[in-house]
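The block underneath contains the structure these notes are about, expressed in structure tokens.
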Amino acid sequence: MKNWIRPEIAALSAYHIPAPGEWIKLDAMENPYRWPAELEREWLESLQNVEINRYPDPAAIELTNRLRSTMNIPADAGVVLGNGSDELIQMILMAIAESGRTVMAPEPSFVMYKMIATYVGMKFSAVPLKESDFELDLDKILTTIVEQQPAIIFLAYPNNPTGNLWKRADIEQILEVAEGFVVVDEAYHVFANDSFMGDIYKYENLLVMRTLSKMGLAGLRLGLLAGGRKWITEIDKVRLPYNINTLTQHTASFILNHAAVLEKQAAELRSNREDLLAQLQQLADSSPLIQQVYPSQANFILFRVDSGWADKIFEGLKLRGVLIKNLNPASGALSESLRVTVSTKEENAQFLIALKRCLEDE
Ligand SMILES: *Cc1c(COP(=O)(O)O)cnc(C)c1O
């Protein structure tokens, strides 16, 4: 049979995600906390009333209203929900894809922007971040915008995998110069001290994307996109009916009704992040093998190790039962870099002990 698979798809390697094993899992920015036992019991009881023989509410009205209030979405903004924000990226690009059109993003950033651009047959234009501190190279971005006229620009705020929050003024300039959409991806907003949600009315081209994944509900798969009603109405047309299943709608509404629980967990993780940052920095001060620990406004920390050491440390940690993310295979600006998710005090301590052992074990 003829090979009907598009060449750009055949050229991709499948997105690899390690199967969960017996690890202390610090590779995927998951929230390590469960809910208080009483709340969990209340949730399980409430599930008895869920009618899974029926199709879900196609517009997820109750859930959308809860999200509007807990996420402070401006009243006049449109909102569309996705099966994780990954699906929202896919929906946006399906709505605007035309051959010859360009998706732009800084690099390194979230890999799905480029992958989904490829799936839908769009060009992808990467503008490197500044090497020293992973800030936006604003001059380069602005000239690239003028030259290439991207249909859309993705800005992760804070950025994954670098963890930093770019300068608000830089993003405002991009919003002003770009004639295409600018998606501010706020997957980590609960760990950061700024947001563009309140700016939707100021910029016609601004779309703000959020997810519940990093807030503690990764298993539910729920993301949201907010922006001008005119655009959200168009993007909503490519959404598959019933993309937010009944159990997700019910469970997300339930926990958002107790949003203080999630807020407390996020506050705990922010505090644990400051501790872990300080401890990693201390380790870097005493060991030449850890070369740089980057600041973070997210629930993970990026650090760079000495030449030849990222793979060794990654494998050494695995042998000691700790799984983090090795970014060395991505090479370029991420050579010899590792990313660790901030977890409970206990798991962070276990990670640090294992890391120290790896460093002693030369
Ligand atoms: C994790 C992540 C997402 C994906 O979130 P889901 O809602 O789980 O699909 C989107 N953007 C960034 C920057 C992320 O790090």
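Just so we're clear, the structure is a prediction, and the values are computed from it rather than from any experiment. We use all heavy atoms of the structure for the numbers below, so side chains are in, but hydrogens, waters and symmetry mates are not. Each residue takes its place number in the sequence, starting with 1.
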(request) Would you mind reporting whether S213 and M29 have side-chain heavy atoms less than 4.5 Å apart? (result) no
(message) To the nearest 0.5 Å, what is the distance between CG on L136 and CG on L155?
(response) 6.5 Å
(message) Counting C-beta onward and ignoring hydrogens, is there a side-chain heavy-atom pair between R273 and N299 closer than 4.5 Å?
(response) no
(request) Working to the nearest 0.5 Å, report the span between CD of E234 and CD1 of I232. (result) 10.5 Å
(message) When you compare the side chain of K167 with that of L138, does any pair of heavy atoms fall below 4.5 Å?
(response) no
(message) If we ignore hydrogens and angles and just use 3.5 Å, is the side chain of R6 paired with the main-chain N or O of Y119 as donor and acceptor?
(response) yes
(message) Applying the side-chain hydrogen bond (donor to acceptor under 3.5 Å, both in side chains) criterion to R339, which one of N326, T162, N160 satisfies it?
(response) N160
(request) Kindly indicate whether the side chain of L276, heavy atoms from C-beta on, has any atom under 4.5 Å from the side chain of I301. (result) yes
(message) One thing to verify: whether D194 and R168 come together as a salt bridge, which I'm taking to mean a side-chain N less than 4.0 angstrom from a carboxylate O.
(response) yes
(message) Side chains of S296 and L165, heavy atoms from C-beta outward: is any pair under 4.5 Å?
(response) no
(request) Please say whether the positively charged group of K25, taken as NZ for Lys or CZ for Arg, lies over the ring of W23, i.e. under 6.0 angstrom from the six-membered ring centre and within 45 degrees of the axis. (result) no
(request) Would you indicate whether the side-chain heavy atoms of T144 and K140 approach each other to under 4.5 Å? (result) yes
(message) Do I24 and L323 make a side-chain contact, defined as non-hydrogen atoms from C-beta onward lying under 4.5 Å apart?
(response) no
(request) With L222 as reference, evaluate L217, T211, N245, L212 under the side-chain contact (heavy atoms from CB on, under 4.5 Å) test and give the passing residue. (result) L212
(request) Answer with yes or no after comparing the ring centroid distance for Y294 and F303 against a 6.0 Å cut-off, counting only values under it. (result) no
(message) Are the side chains of K312 and C358 in contact, using a 4.5 Å heavy-atom criterion?
(response) no
(request) Output the distance between atom CG (L262) and atom CE (M215), rounded to the nearest 0.5 Å. (result) 5.0 Å
(message) Rounded to the nearest 0.5 Å, what separates atom CG in L44 from atom CZ in R41?
(response) 9.5 Å
(message) Please check this pair: side chain of T70 against backbone of R66, looking for a donor-acceptor N/O pair closer than 3.5 Å.
(response) yes
(message) Suppose we call two aromatic rings close when their centres sit under 6.0 Å apart. Are Y188 and Y157 close by that rule?
(response) no
(request) Check for a donor-acceptor pair, side chain of T64 on one end and backbone N or O of A60 on the other, with a separation under 3.5 Å. (result) yes
